[in-house]
Structures are given as C-alpha cells and as structure tokens.
Amino acid sequence: AATAEASTSAARAAPDEATAPTRPQSGTPSPEPFHAKLNVQWKEVELPKEWVGQPLATHGEMNVAGSPATFTAGGNMVLGPPDQPADITLDIDGTPERIHVKRIDVVQKAGRLNANGTVNLKPRIGWQFAAHAQDFNPGALVSGWPGKLGFALDTKGELQEKGPNA
C-alpha cells in the first residue's frame with residue numbers, strides 16, 4: 001500500500017484526496033510564489049520481474065518540496081530482491097542552475113556505495129562528483145549486472161563545444 005500527501009500554500013491534500021497544487025484563486029497575487037510539498041510513503045510494494053528483470057521488494061518514505069526557484073528531495077527506502085534488501089538514503093537539492101547531491105548512500109548486507117557532488121546546468125553543464133564503493137553488488141538492484149565493485153572516484157569537468165573536458 002502506498003500513500004501520498006501534497007500541499008501548497010493554497011491547497012493541502014490528504015492521502016485519500018486527489019488535488020493538484022494550485023495558486024490561490026483571488027484577485028490579489030499570492031505573497032509567496034508557487035510552492036509544492038509531496039510526502040510519499042509505501043509499504044510492501046513488489047516490482048515484478050516483468051518490469052525490472054527480477055523481483056524487487058521495497059518500502060520507504062520520500063519527501064519532495066519545491067518551487068520554480070528551488071527544490072529538495074530526500075528520504076529513506078529499502079529496495080532489492082526479497083532476500084537481498086539494500087538500505088538507500090537520498091538527500092538532494094537544487095535550483096534551475098545547479099543540482100546538489102548531498103548524499104546518495106546504498107548499504108547492502110555485504111557492500112556499500114555512496115556518492116555526493118554537484119551538477120551545474122547553467123551557464124554550462126559541468127560536474128564535481130565523488131563516489132566510493134566497497135563490495136557493492138549492482139546486480140542486487142539492476143538485473144543482469146552481478147558483481148562485487150570496489151572503487152574510489154573523484155571527477156570534475158564540464159561540457160564544452162568541443163566535447164567533455166574532465
């Protein structure tokens with residue numbers, strides 16, 4: 001079962017109501033720009049093999065909030081084959097110019113992957129990212145990619161007219 005709640009400064013939706021975030025409908029402009037919040041919680045969700053290549057079970061909670069100027073997204077979930085769940089934590093924020101990945105952390109029974117960094121969208125696409133893995137098995141999340149990865153990656157670059165410069 002999954003539930004969701006959405007709200008803005010003008011509308012608030014309970015889990016059993018279906019409303020879209022809207023601006024106030026009055027003759028005076030809203031003192032705040034459009035802003036939406038979404039809280040999604042799910043339990044005992046199973047993704048079938050036909051959809052993702054292997055059965056995956058998941059439960060968790062995600063919170064997303066934003067406006068045309070900024071957004072935040074974060075939460076915790078469990079995802080993986082029923083006998084190999086991974087704990088996943090996400091913490092991301094951004095603007096139309098930049099996405100800041102504060103934390104992506106995937107913890108498996110025998111391994112771990114974590115990453116953080118920044119993706120610049122304007123004026124030019126660029127990145128600064130760090131990722132580390134220890135005994136991480138991507139096949140537990142992506143069908144057909146079994147492995148035991150270990151690495152440390154630090155990268156910085158940007159896309160230029162001639163191509164990537166890293």
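Both Ile88 and Val45 belong to a single network of hydrophobic side chains, linked directly or stepwise wherever heavy atoms of I, L, V, M, F, W or Y lie under 4.5 Å apart. At a threshold of 4.5 Å between side-chain heavy atoms, the hydrophobic network of Ile, Leu, Val, Met, Phe, Trp and Tyr places Val142 and Leu90 in one connected group. In terms of hydrophobic clustering, with Ile, Leu, Val, Met, Phe, Trp and Tyr side chains grouped at heavy-atom distances under 4.5 Å, Val40 and Leu47 are assigned to a common cluster.
Here CH2 of Trp127 is found 8.0 Å from CD of Glu158. Values are rounded to the nearest 0.5 Å. Rounded to the nearest 0.5 angstrom, Thr58 OG1 and Leu56 CG are separated by 8.5 Å.
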Q) What's the verdict on side chain to side chain contact (heavy atoms under 4.5 Å, CB included) for His100 and Lys102, showing C-alpha distance, side-chain angles and the deciding distance? A) CA-CA 6 Å; His100 180 209; Lys102 296 177 185 178; 3.5 Å; yes

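Looking at every heavy atom in both residues, Val106 comes nearest to Ala86 through CG1-CB, 4.0 Å. Taking each heavy atom of Ile92 and Phe71 in turn, the nearest pair found is CG2-CE1, 3.9 Å. Scanning all heavy atoms of the two residues, the minimum distance from Trp145 to Pro138 falls at O-CG, 3.2 Å. When all heavy atoms of Ser143 and Gly53 are compared, the closest pair comes out as OG-O, 3.2 Å. The heavy-atom pair separating His132 from Ala152 by the smallest distance is CD2-CB, 3.5 Å. When all heavy atoms of His35 and Ser67 are compared, the pair lying nearest together is CD2-CB, 4.0 Å.
More than 12 non-hydrogen atoms from other residues, nucleotides or ligands lie less than 6.0 angstrom from CD of Glu61. The number of heavy atoms from other shown groups lying within 6.0 Å of CD (Gln54) is above 12.
A donor-acceptor pair shorter than 3.5 Å can be found between the side chains of Arg98 and Asn120. Counted by atom type alone, Gln108 and Asn137 present zero donor-acceptor pairs between their side chains at under 3.5 Å.
Residues Gln41 and Lys43 fail the side-chain proximity criterion, which asks for heavy atoms closer than 4.5 Å. Thr89 places a side-chain heavy atom less than 4.5 Å from the side chain of Arg103. Annotation: side chain of Arg124 is in contact with side chain of Gln160 (closest heavy-atom distance under 4.5 Å). Using a 4.5 Å heavy-atom cutoff, the side chains of Trp42 and Met77 are in contact. With a 4.5 Å cut-off on side-chain heavy atoms, Asn63 and Leu38 do not count as touching. In this structure the side chain of Glu97 never reaches within 4.5 angstrom of the side chain of Leu121, judged on heavy atoms.
Screening Leu113, Val107, Asn114 against Phe136 for a side chain to side chain contact (heavy atoms under 4.5 Å, CB included) leaves a single residue, Leu113. When each of Thr118, Val119, Asp154 is tested with Phe129 by the rule side chain to side chain contact (heavy atoms under 4.5 Å, CB included), just one qualifies, namely Val119.
Residues Arg112 and Asp105 are paired through a salt bridge, judged by an N-O separation under 4.0 Å between the basic side chain and the carboxylate.
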